[in-house]
Amino acid sequence: MAKEKIFISTAIPYVNAKPHIGHAFEMIQTDVLARYLRMADNDVFFLTGSDENSLKNVLSAKKEGISTQELVARNAKDFKDLAKALGASNKDFIRTTEDRHIRGAEKLWSACKKDIYQKEYEGLYCVGCEDFYKEKDLTPEGLCPEHRTKPQVVKEKNYFFKLSNYQKQLHDLVTKDEIKIIPETRKHEVLKFIEAGLDDFSISRSVERAENWGIKVPGDDSQIMYVWFDALSNYITALGYADDDAKFKAYWQQGYSVHDIGKGILRFHAIYWPAMLLSAGVKPPNEVFVHGYLTVNGQKMSKSLGNVVDPMEMIQKYGADALRYFLMSNITPFEDGYFSEAKLKDSYSELGNNLGNLVMRIAKIAQKDGLQKIKLPKEASAVSSSGNLVIRYGAIKERYFEIFNDNRRLDEMLQHVWKFYIEANQLVDKDEPWKKNKEEKEIIISAQCFALVYGAGLLTPFIPETSKKIFEMLGVKEPETFADLEKIKEITFDFDKIKPLFPRLEK
């Protein structure tokens with residue numbers, strides 16, 4: 001049976017500044033989803049990238065006294081480096097200044113031609129959002145609700161997209177979960193917006209207002225494509241939409257597509273983007289997975305508010321897996337979460353005290369008694385309390401898959417596995433293998449190795465580098481799928497590779 005082809009993406013961030021911890025959160029979360037889906041034996045194409053055609057990038061470059069091209073190239077590299085430092089398993093990184101993207105965006109515009117028209121327009125424009133607002137949508141003080149800045153009054157002749165033509169079709173697709181929006185609360189939010197009536201939206205800017213930066217409208221050099229019309233197309237331009245590539249057909253048209261995005265850009269991904277695709281005769285996305293923001297003192301973490309945390313600094317101090325573990329276990333996927341370095345430090349200690357400690361304890365006991373090759377138990381043993389770990393794993397595994405399929409609560413999945421390791425540690429203390437004879441000791445070590453192997457398999461999407469080290473220490477091939485994990489029946493300790501997974505931090 002052929003593997004299901006799944007496309008999954010982060011949103012592509014503006015590159016007017018270096019990445020912050022909020023970008024790391026989305027990157028990690030998308031990577032967890034991608035790794036889980038691969039282990040579930042799917043063919044997954046994970047995409048991330050950089051949005052480089054925004055006016056925000058032009059203004060930031062001016063402020064620094066460098067060219068826009070220099071700024072976007074430098075900052076795009078920072079985002080690419082962050083993905084690598086986090087251990088992200090993305091297959092591609094798309095820059096919207098690349099030729100493949102420009103040609104794809106132009107093709108999409110031309111494909112939507114029947115729904116594009118020109119008119120004079122006056123509105124309130126937020127540069128931070130790259131979007132127009134109605135007065136009723138502003139704060140009582142007349143500010144952008146997202147950036148808390150006063151919008152500009154803009155009047156010019158632009159091209160518009162007939163979003164109103166797709167109101168009923170979009171409503172039906174979202175209602176029937178053909179465009180599945182997770183969580184349900186965000187689905188209701190989208191339906192409410194659609195039911196209030198969809199207005200056509202501007203999809204171009206004058207060359208003057210765009211400061212001659214961005215993709216020109218096909219056939220009209222006086223206009224630049226609206227950054228969202230251009231940026232949203234990255235999801236298919238990276239797959240070769242411009243050339244009708246086989247990847248585009250396989251992963252998008254015939255596969256299952258997922259966008260992992262922040263709540264602030266839900267409307268663009270669940271309404272504007274599907275409408276554009278419908279107009280162009282392209283399949284809309286299958287799923288939009290919507291997360292909250294990371295906050296500091298109750299405020300969204302953002303470059304414009306100046307309250308950012310540098311994720312590279314956190315990785316250098318604590319390692320990528322510690323950051324991944326903290327963000328995935330402490331923050332609910334669908335709600336705002338609070339970032340604290342003190343909490344991250346506590347999470348690092350938690351990793352060392354539970355998982356790291358368990359690996360070292362079991363390995364040292366095995367090495368001392370020459371128990372190098374261990375057969376894993378097939379069933380629970382009455383000889384030791386640790387034997388119950390075989391039964392416990394069955395329940396843990398079942399719930400782990402159930403949570404993913406039911407509601408994608410990644411934090412609950414990780415916490416569930418973590419309880420398994422806490423229990424395993426407690427059972428070592430209860431069984432006291434160091435007091436047992438060699439035969440009894442081997443039974444206990446066998447059950448604990450079972451927990452290490454099978455628990456590491458479930459942890460792989462979350463903390464992949466740590467799981468890989470555990471498999472290496474236990475002398476087994478790293479499983480590519482959950483089915484491969486179930487085939488592991490014995491381990492052979494590689495005592496030369498036994499070392500602390502989470503060394504003590506310097507004070």
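Position 1 is the first residue of the sequence, and the numbers go up from there. What you see is a predicted model, and the numbers here were worked out from it, not measured in a lab.
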Donor-acceptor side-chain pairing of Glu4 and Tyr256 below 3.5 angstrom: no
Under 3.5 Å side-chain donor-acceptor pair for Thr481 and Asp41: no
Can His269 and Tyr235 be counted as having a side-chain donor-acceptor contact under 3.5 angstrom? yes
For Phe404 and Tyr36, take the angle between the two ring planes, folded into 0 to 90°, and tell me which bin it lands in: parallel under 30, tilted 30 to 60, perpendicular over 60. parallel
Between Asn42 and Val44 (side chain of the first, backbone of the second, donor and acceptor by atom type, cut-off under 3.5 Å), is there such a pair? no
Taking everything shown except Gln69 itself, do over 12 heavy atoms lie less than 6.0 Å from its CD? no
Salt bridge between Asp172 and Lys168, side-chain N to carboxylate O under 4.0 Å? yes
Salt bridge Arg205-Glu211, side-chain N to carboxylate O under 4.0 Å: no
I'd like to check the side-chain contact (heavy atoms from CB on, under 4.5 Å) partners of Ile331; sequence neighbours left out, ordered by chain and number. Phe25, Leu294, Leu327
Using the six-membered ring wherever Trp is involved, compare the ring planes of Phe7 and Phe45 and label them parallel, tilted or perpendicular (cut-offs 30° and 60°). parallel
May I ask you to decide whether Glu64 forms a salt bridge with Arg74, counting only side-chain N to carboxylate O separations under 4.0 Å? yes
Below 6.0 angstrom between ring centroids: does that apply to Tyr117 and Tyr159? no
Taking the ring of His23 and the ring of Phe79, is the distance between their centroids below 6.0 Å? yes
Before we go on, tell me: are the rings of Phe334 and Phe289 under 6.0 Å apart, centre to centre? yes
Please walk me through it: do Asp200 and Lys162 pass salt bridge (Lys or Arg N to Asp or Glu O under 4.0 Å)? CA-CA 5 Å; Asp200 297 348; Lys162 293 179 181 177; over 6 Å; no
Do the side-chain N and O atoms of Trp418 and Glu350 include a donor-acceptor pair separated by under 3.5 angstrom? yes
Do Trp109 and Phe229 have ring centroids that are under 6.0 Å from one another? yes
Can you confirm whether or not the ring centre of Phe201 sits under 6.0 Å from the ring centre of Tyr272? yes
Exam field: side chain Gln223 to backbone Lys157, donor-acceptor pair closer than 3.5 Å: yes
For Lys114, look at atom NZ and say whether over 12 heavy atoms of other residues, nucleotides or ligands are found less than 6.0 Å away. yes
